[in-house]
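Not measured: the values here are computed from a predicted model.
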2 protein chains.
Amino acid sequence: MNISQAASLTGVSAKMIRHYESIGLIRKSARSVSGYRIYREDDLQVLRMIKRARHLGFSLEQIRELVSLWQDPARASADVKAIARAHIADLNRRIAELSEMRDILAQLTQNCSGDAMPDCPIIDTLASSG
Amino acid sequence: MNISQAASLTGVSAKMIRHYESIGLIRKSARSVSGYRIYREDDLQVLRMIKRARHLGFSLEQIRELVSLWQDPARASADVKAIARAHIADLNRRIAELSEMRDILAQLTQNCSGDAMPDCPIIDTLASSG
DNA sequence: TTTGACCTTGCCACGGTGGTAAGCCGAACA
DNA sequence: TGTTCGGCTTACCACCGTGGCAAGGTCAAA
């Protein structure tokens, strides 16, 4: 099948399939005589896996390792777990950062009258020593 | 004072000060005869405000509006509040996304033995219909 | 044969920040 | 006075992941 079919069957855009190929995340596809990329059912598996891993927020570099482990029948689940743990730690860090921002802003917003007057704790905080 | 002093007094890197100037977020600074940027105490206020707003996760575009409102004595606090609210909503959206990723991964990780065996629910989920 | 949909590669863009290179400038020191 | 070193200038490239666009080749149906 052609790239757009592979794209619609996996949810990965044709653009991204080409990109993943160019960075070596997926193998170079077969080509037709005229140079069109050709995909078989097997190829879709990897794309679907990448799609799901991206959905869980893994970076392409992490996905590269995950794909490699996936294709290694002698893998240790400990290796997979380590990648997942690192990603969870990263997610927690980002969640904590965003939550802190949100909490501060929620507090400031609550104290802002939100009317036609200029006085505003949000601006005041940003402008002074907040 | 020169740019590196302004940088160290505000915590905004010289690189970023130039960038903010180039995108019109801050006014073009005065220049010495030889072309060096010159900053006065007044200029630092804006940089400090940008620094704090970035720390709260506002985008540079939002900051552009905030700075504009800040410098407008006839501003309505409602306008400031609206920007903050929009940002809070965005933060909440991102927090929810990341939390969902983390929860799913935490679940999978918990069920992964993490030993030398290949079997692993994380890989399985990524590879199949997860 | 024409047409329209598809494919190819290659470049530019986003946001925000860092790096690096080439060249000018300023101050201190011999 | 001349050298030297650090700071300043602009301009470009990189990250990450994705989208868009343009110029040109290809395929299938009408």
Side-chain angles (χ1 to χ4, degrees), chain A residues 1-26 28-39 43 46-47 49-67 86-87 90-91 93-94 97-98 101, chain B residues 1-26 28-40 43 46-47 49-67 83 86-87 90-91 93-94 97-98 101:
Chain A
M1 76 189 79
N2 284 339
I3 196 169
S4 67
Q5 266 193 330
S8 72
L9 287 177
T10 60
V12 179
S13 73
K15 185 83 185 220
M16 282 300 101
I17 296 177
R18 294 194 195 97
H19 180 57
Y20 295 160
E21 183 186 299
S22 81
I23 64 173
L25 182 54
I26 59 179
K28 288 187 181 175
S29 77
R31 296 284 183 133
S32 73
V33 185
S34 57
Y36 284 22
R37 288 178 180 80
I38 300 173
Y39 297 92
D43 302 314
V46 189
L47 290 172
M49 170 160 178
I50 294 173
K51 174 80 176 177
R52 292 190 198 103
R54 284 296 298 143
H55 188 69
L56 289 176
F58 285 101
S59 71
L60 293 184
E61 276 316 303
Q62 286 174 318
I63 293 173
R64 189 191 300 273
E65 298 180 57
L66 288 173
V67 169
H87 184 37
D90 189 47
L91 288 169
R93 218 177 311 118
R94 287 153 66 191
E97 279 180 13
L98 297 180
M101 294 175 184
Chain B
M1 77 188 79
N2 284 339
I3 196 169
S4 66
Q5 266 193 330
S8 72
L9 287 176
T10 61
V12 179
S13 73
K15 184 87 188 220
M16 283 299 102
I17 296 177
R18 295 193 194 97
H19 180 57
Y20 294 160
E21 184 186 298
S22 81
I23 65 173
L25 183 53
I26 59 178
K28 288 187 180 175
S29 77
R31 296 285 184 133
S32 73
V33 185
S34 56
Y36 284 22
R37 287 178 179 80
I38 300 173
Y39 297 92
R40 286 175 307 125
D43 303 314
V46 190
L47 290 173
M49 169 160 178
I50 294 172
K51 174 81 176 178
R52 292 190 200 102
R54 284 295 299 143
H55 187 68
L56 288 177
F58 284 102
S59 71
L60 293 184
E61 277 316 303
Q62 286 173 317
I63 293 173
R64 189 191 300 272
E65 298 180 56
L66 288 172
V67 169
I83 296 174
H87 183 37
D90 189 47
L91 287 169
R93 218 177 311 119
R94 287 153 65 190
E97 279 180 13
L98 298 181
M101 293 174 185

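Going from atom CG of A:Leu60 over to atom P of D:dT18 covers 6 Å, rounded to whole Å. In this structure, the CD atom of B:Glu97 is 14 Å from the C1' atom of D:dG17, given to the nearest Å. Rounded to an integer number of Å, the gap from A:Met1 CE to C:dA5 P is 23 Å. In this structure, the CD atom of B:Glu61 is 11 Å from the P atom of C:dC14, given to the nearest Å. We find that CD1 of A:Ile63 is positioned 13 Å from P of D:dC16, with the value rounded to whole Å. Atom P of nucleotide C:dT17 and atom CG of B:Leu25 are separated by 11 Å, given to the nearest angstrom. Straight-line distance from the NZ atom of A:Lys51 to the C1' atom of D:dG17: 13 Å, rounded to whole Å. Regarding A:Arg64, its CZ atom lies at a distance of 14 Å from the C1' atom of D:dG17, rounded to whole Å.
Here the closest non-hydrogen pair linking A:Ala7 and A:Ala14 is CB-N, 3.6 Å. The minimum heavy-atom distance between B:Leu98 and A:Leu98, with the atom names listed, is CD1-CD1, 3.8 Å. Nearest approach of A:Glu21 to A:Arg37, heavy atoms of both residues: OE1-NE, 3.1 Å.
The listed nucleotides are D:dT10, C:dG16, D:dG19; the one nearest the side chain of B:Arg37 is D:dT10. Nearest to the side-chain atoms of B:Ser4 among the listed nucleotides D:dC8, C:dG18, C:dT8 stands D:dC8. Picking from C:dT8, D:dT18, C:dG18 the nucleotide with the shortest atom distance to the side chain of B:Ser13 gives C:dG18. Between D:dG7, D:dT18, C:dC7, one nucleotide has an atom nearer to the side chain of A:Ile3 than all others, and that is C:dC7. Side chain of A:Ser34, nearest nucleotide from C:dG16, C:dT9, D:dT26: D:dT26.
Checked options B:Thr10, B:Ile17, B:Leu25; the residue passing with B:Ile50 is B:Leu25 (criterion: side-chain contact (heavy atoms from CB on, under 4.5 Å)).
For the pair A:Arg31 and D:dG25, the criterion of a side-chain N or O lying under 4.0 Å from OP1 or OP2 is not met. Taking side-chain N and O atoms only, B:Tyr20 has a distance below 4.0 Å to OP1 or OP2 of C:dT17.
Using a distance-only test at 3.5 Å, with no hydrogens or angles considered, no donor-acceptor pair links the side chain of B:His87 to the main chain of B:Gln62.
Nearest-nucleotide positions on DNA chain C for B:Arg54 and B:Tyr36 put B:Arg54 closer to the 5' end. If you find the closest nucleotide of DNA chain D to A:His19 and to A:Val33, the one lying nearer the 5' end belongs to A:His19.
Using a 4.0 Å heavy-atom cutoff across all strands shown, A:Ser32 reaches no nucleic acid atom at all.
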